[in-house]
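So the structure is just underneath, and the comments pick up after that.
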There are 2 protein chains.
Amino acid sequence: MASNHKIFVVEDDNDISRLLRHHLEVAGYRVRAFSTTNQVLSEAQKDRPSLFLLDIMVPGGDGLELCRQIRQGGNNIAGVPIIFLTAKTDETDRIVGLEMGADDYVTKPFSPRELVARVKAVLRRSERPLPPAVINLGDLEIDSSSMILTVSGEPKMTTATEFRLLYHLASHAGKVFTRDQLLDAVWRDTSFVTPRSVDVYVRKLREKIERDPENPRYLKTVRGAGYRFEAPK
Amino acid sequence: MASNHKIFVVEDDNDISRLLRHHLEVAGYRVRAFSTTNQVLSEAQKDRPSLFLLDIMVPGGDGLELCRQIRQGGNNIAGVPIIFLTAKTDETDRIVGLEMGADDYVTKPFSPRELVARVKAVLRRSERPLPPAVINLGDLEIDSSSMILTVSGEPKMTTATEFRLLYHLASHAGKVFTRDQLLDAVWRDTSFVTPRSVDVYVRKLREKIERDPENPRYLKTVRGAGYRFEAPK
DNA sequence: AGCTTCTTTCACACTCCCTTAACATTTCTC
DNA sequence: GAGAAATGTTAAGGGAGTGTGAAAGAAGCT
């Protein structure tokens, strides 16, 4: 249920802001709330949010202006999706806002479910499509679109987490990952997971892909650092 | 990002027209806007657009009429896809599907995300050869033109949603879809629908297509990910 | 209106996966 | 070679994800 997405909420009304935060957090997102536009831009450049949720009528230079600044090239956040919060009646605001480059809007009063659904939809669309669907290495075939692992022609059952881990390692073959990096990349919610969990999964994968799990050809341990997937020559 | 597609927009409200143009252009399409239907047809025959975006309520002979004229044989644009813009309250399903031969519709007020997504989807569909109207897999026959499902020669009744879901899964056999992806592809407005609704439909489909619904051969669960339709060998 | 049919949600049962903790083993350091 | 640190391995409980029936909610039909 949890995801790694961080959302910047810019809303001056404290009640609404708390409400937004609450619903978004329940939905598994991390939230940072701002009551004015002042520091949003500079913080965003440091903190790299996945999405902005802007009230169109916040004080301190309004939301539209902030939207334009975000969209402006030159910073590293120009591509981050934006959702506007608008009053139901104010059609012109909405239109202007959308023209400014927002990705969607939610009208107040909003239903929590719709809010979350729109956030989810925008984030889903902004995710870049996965790199090559099928990875072939040695006698392995890792097909991410069907989530099927084949070893020497034999299909092997894997759990979702096993598969994601394998896919991540194999699609960056040669690169060493620390346990923490793997947790960040592969696990949905890293907050309460021991890095040692990775070890357990590495073992499970070795049992499935290695001839001799004790002497792995693919999934190598890099002592003191982490793990590396090694492509056979 | 750029594509060679040219879109004819027919819309009398100037604000909305500008908005449409803006978002379509940002998405990489070329746009020609018309505020009445008068010259659309003649211009289209010269200029060959890839898609029409018609407000259903434009003055000068309404959008439906224009749609009919476009679809009429004898010109060279009969096959160009059409998307309608409609007010939310309208009864759109019938208009789109049966009578007029439109390809999709977008309700006002629309979100840019949705607009562009639908335009993209329709263009994508029109570019590649149509997916086969009849899918034959194992003892299943899924005929999308007549919306008839046959299992081992036995015709089975399905609802529209059941059929669309089955068709989507079967026409991408092997690929895993998350519940959210299925909602996007099969349902119209996902904002108010729980992903779990998909489960219910999967179950209904299993009851109709599987010998043993508890051990499905076709419609497999991929735990932690979603569902996959598996073609038998 | 009343009826039917489809859609969506809810609640509960159940299964399987995930995480952890504990112990075993290997590798490094002095 | 002894101790420390890192990794390998195993099994169990608790929890998340899914299956399922029923009932409320929409939408169309007569």
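Every value quoted in this text rests on a predicted model; they were computed, and no experiment measured them.
Between the CZ atom of A:Phe163 and the P atom of C:dC16 there is a distance of 21 Å, given to the nearest Å. Here the P atom of nucleotide D:dT7 and the NZ atom of A:Lys220 are 16 Å apart, to the nearest Å. In this structure, the CG atom of A:Leu205 is 17 Å from the P atom of D:dT7, given to the nearest Å. Per the geometry, CZ belonging to B:Arg228 stands 13 Å off P belonging to D:dT18, to the nearest Å. Rounded to an integer number of Å, the gap from B:Leu183 CG to C:dT9 C1' is 13 Å. In this structure, the CD atom of B:Glu207 is 10 Å from the C1' atom of D:dG21, given to the nearest Å. For the pair A:Asp199 CG and D:dT9 P, the interatomic distance rounds to 10 Å; values are reported in whole Å. Rounded to whole Å, atom C1' of D:dG8 lies 14 Å from atom CG of A:Asp212.
Not one side-chain nitrogen or oxygen of A:Arg203 sits closer than 4.0 Å to the OP1 or OP2 atom of D:dG8. Dashed line: the shortest gap from a side-chain N or O of B:Thr221 to OP1 or OP2 of D:dG17 is not under 4.0 Å. Of the side-chain N and O atoms in B:Arg206, none sit less than 4.0 angstrom from OP1 or OP2 of D:dT20.
With respect to A:Glu25 and A:Arg21, a salt bridge is recorded, a charged nitrogen being found less than 4.0 Å from a carboxylate O. A salt bridge between A:Lys46 and A:Glu43 is present, with a side-chain N of the basic residue lying under 4.0 Å from a carboxylate O of the acidic one. Under the 4.0 Å criterion applied to side-chain N and carboxylate O atoms, A:Glu214 and A:Arg206 are not assigned as salt-bridge partners. Salt-bridge annotation for B:Arg113 and A:Asp103: absent, with no side-chain N of the basic residue lying under 4.0 Å from a carboxylate O of the acidic one.
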How would you summarise protein contacts on nucleotides 17-30 of chain C per nucleotide, using B for base, S for sugar-phosphate only and - for none, with heavy-atom distances below 4.0 Å? SSBB-----BB---
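As judged by a 4.0 angstrom heavy-atom cut-off over every strand, B:Val198 is placed among residues making no nucleic acid contact.
Judged by closest nucleotide on DNA chain D, A:Arg179 is the one of A:Arg179 and B:Gly226 placed further toward the 5' end.
Taking the six-membered ring for Trp and thresholds of 30 and 60 degrees, A:Tyr29 and A:His5 have ring planes inclined between 30 and 60 degrees apart. Note: A:His168 and A:His172 have tilted aromatic rings, judged against thresholds of 30 and 60 degrees for the angle between ring planes.
Side chains of A:Tyr218 and A:Asp139: a donor on one and an acceptor on the other come within 3.5 Å.
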